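To start, the structure under review is shown below, and the notes come after it.
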Amino acid sequence: MTNTNAPPMKPPFPRSLFARLMLIWLIGMALVLAASFALFVGERERAGRDALYEGIAQEIAATVAILDGLPPAERDSRIDELSRRRLRLSLRQAPHNLPPQPSDHALRQALVAALPGNPVELRTMRPPGANHSMFLVTILLSDGTPLTVRLPDIGPSPPPPTPPDRLLAALVPLVIGVALLTWIAVRIATKPLSRMAAAARALGENPGGAPMDTRGPIEVAQAATAFNHMQQRIGEHIAERTRILAAISHDLQTPITRLRLRAEMVPDDALRERIQGDLDAMQTLVQEGLSYAKSMETTTPPQPIDLNNLIEALRDDAIDMGWQIDIHGSAPTPCPGRPGALRRALWNLIENGVKFGARVDMTLTEWPDRFEIRIRDHGTGLPPNELDKVFQPFYRTEASRNRETGGTGLGLAIARNLLHAQGGEVTLSNHAEGGLEAVVTMPNTLPG
């Protein structure tokens, strides 16, 4: 029993990128060659017909020259000798009721060119019972005697020579067609590569992003599948590294606590203070390690955030700690993101600015496609080659090798991870009026 609801069969389309490009080029070149062949055949037919008409005109011109050289009395006796198989001559006027041919007829133009001083008329007639019409050419001799030449019609008049503008108009579509086919072929070849390049850039910013679409030709599907496997392995490697870091940081807290208790029993006050200082530094490093590991997680769902209230709360906390901070600008629209992560990222940047620049200015701006928060300190800034390195984990500049002033080297790395996890970004630059400026951008739509 036939299933009438079955979808119609689609013609098979090549799955291979090579086969698709070959098919497009073959079809395109076939169309271009077909159009070129049609133009060539038409031009060749016109040229051949013109050559034939020129030959007939030269024969008639030679006959007219002979008859003009004969006395009128001898022309009737010589007319049959001058007639040829395809040219029948008579010294009579052709009937005027026969339809004349237009002045631009190729045969008439050839006769006028061969006989510039003789009036020429070209008419057609169909003898009774004949299958083809005939040409009747009437030429006046030098003494006014009419000469009628009857010859078979060799077919319809060919088209006139193609003018340069019409030839250009015929070639322009060919050029446009070839260019269009080239664009389609290149687009098919490069679009998957562009999509893969975009996926590679996204992988560098967010290893846990959505996998790449594997639809398309076989080569693209294979490359996309391999890319997704690589992304999965990278994600697993980062997750494993994060788990190891979190486990080490967590497990170190117990021995640090025991050492802190044992340090209390050291009788030497100076030695006990130095040990307590080292344990405090270790405790800070462990806590920062745990914070860095947590910054890689993206389990908290995004929600609208009032940036005005968030920045004002950060300013109040900073003022409570004795820091000097000023805020400018506002954002009327809520920003989609993770409140806790965004607060921690901004606090790390504020803390970094206060540590190295004493005073911090914050400027909030809302653009059509993003939110922008600028955090500027009034310190000495950084060398250009250090602006991106400071986001690397545990990296500290030469001026902050001391943990008392330089910290653990994880604050900026944590801030960038927290922002990346919600579609944001942070960059550093030296302000024109001095100091270092961190620019935080957040999208105005929820990240996918």
Side-chain angles (χ1 to χ4, degrees), residues 201-202 204-206 292 295 298 302 304-315 317-318 323-393 395-397 399-400 406-407 409-447:
R201 288 192 295 269
E205 298 175 357
N206 182 18
Y292 179 75
S295 69
T298 59
I305 303 173
D306 189 337
L307 293 180
N308 303 302
N309 293 339
L310 176 61
I311 291 178
E312 290 176 1
L314 291 172
R315 179 192 59 183
D317 292 344
W323 298 347
Q324 185 178 355
I325 180 172
D326 297 322
I327 59 176
H328 310 276
S330 63
T333 307
C335 170
R338 299 178 174 89
L342 182 58
R343 179 186 178 89
R344 175 64 189 276
L346 295 177
W347 182 258
N348 283 7
L349 294 173
I350 294 173
E351 185 178 17
N352 189 77
V354 171
K355 185 181 299 182
F356 296 103
R359 181 167 61 89
V360 171
D361 294 329
M362 295 185 66
T363 303
L364 174 60
T365 308
E366 180 179 351
W367 300 98
D369 60 338
R370 69 188 187 279
F371 298 91
E372 187 177 88
I373 305 172
R374 294 180 176 269
I375 303 173
R376 177 202 168 193
D377 63 41
H378 294 266
T380 58
L382 285 174
N385 62 336
E386 299 276 349
L387 293 176
D388 195 60
K389 293 181 180 179
V390 293
F391 288 106
Q392 300 175 5
Y395 181 86
R396 290 173 293 147
T397 61
S400 61
L410 287 173
L412 293 179
I414 292 173
R416 171 169 280 187
N417 286 344
L418 292 172
L419 292 171
H420 280 180
Q422 49 192 326
E425 182 57 273
V426 57
T427 58
L428 293 178
S429 63
N430 291 309
H431 197 274
E433 299 179 2
L436 192 67
E437 184 178 55
V439 180
V440 176
T441 56
M442 290 290 293
N444 62 355
T445 57
L446 291 173

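What you see below is based on every heavy atom in this structure, not just the backbone, and it leaves out hydrogens, waters and symmetry mates. Throughout, residue positions are numbered sequentially from 1 according to the sequence presented. Keep in mind it's a predicted model, so treat the numbers as computed, not measured.
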Side-chain touch Ile311/Arg315, heavy atoms, less than 4.5 angstrom: no
Side-chain heavy-atom pair Leu349, Leu412 within 4.5 angstrom cut-off: yes
Heavy-atom side-chain contact between Leu342 and Leu307 under 4.5 Å: yes
Atom pair CG/CZ of Leu314 and Arg343 - distance to nearest 0.5 Å: 5.0 Å
With Pro334 via side chain to side chain contact (heavy atoms under 4.5 Å, CB included) - residues at least two apart: Pro304
Phe356 vs Leu382 side-chain heavy atoms within contact, under 4.5 Å: no
Exercise: identify the closest heavy-atom pair between Arg344 and Ile414: NH2-CD1, 4.1 Å
Side-chain touch Leu364/Ile327, heavy atoms, less than 4.5 angstrom: no
Test item: Asn430 side-chain N/O and Pro384 main-chain N/O as donor-acceptor pair under 3.5 Å: no
For the student: nearest non-hydrogen atoms of Pro443 and Phe371, plus distance: O-CD1, 4.0 Å
Under 3.5 Å donor-acceptor, Gln422 side chain and Gly337 backbone: no
Heavy-atom pair with the smallest gap, counting every atom of Leu428 and Ala438: CD2-CB, 3.5 Å
Of all pairs that satisfy side chain to side chain donor-acceptor pair (under 3.5 Å), the ones with a partner from residues 366-377, not counting sequence neighbours: Thr333-Glu366, Glu372-Arg374, Arg374-Glu437
For Asn385, all residues meeting side-chain hydrogen bond (donor to acceptor under 3.5 Å, both in side chains), sequence neighbours excluded: none
side-chain hydrogen bond (donor to acceptor under 3.5 Å, both in side chains) partners for Ser330, two or more places apart: none
Short side-chain to backbone donor-acceptor contact, Asn308 and Pro332, under 3.5 Å: no
Which atom of Ser429 lies closest to which atom of Leu387, heavy atoms considered: CA-CD1, 4.2 Å
Criterion side-chain contact (heavy atoms from CB on, under 4.5 Å) on Met442 and Glu425, from CA distance to verdict: CA-CA 7 Å; Met442 290 290 293; Glu425 182 57 273; over 6 Å; no
Straight-line distance of Ile375 CD1 to Ile325 CD1, nearest 0.5 Å: 7.5 Å
Contacts of type side chain to side chain contact (heavy atoms under 4.5 Å, CB included), residue Gln324, not counting sequence neighbours: Arg359
Residues that Val354 engages under side chain to side chain contact (heavy atoms under 4.5 Å, CB included), provided they are two or more places apart: Trp323, Ile350, Val360
His431 and Asp361: CA distance, side-chain angles, deciding distance, side-chain contact (heavy atoms from CB on, under 4.5 Å) verdict: CA-CA 12 Å; His431 197 274; Asp361 294 329; over 6 Å; no
Within-4.5 Å side-chain heavy-atom neighbours: Glu386 and Leu436: no
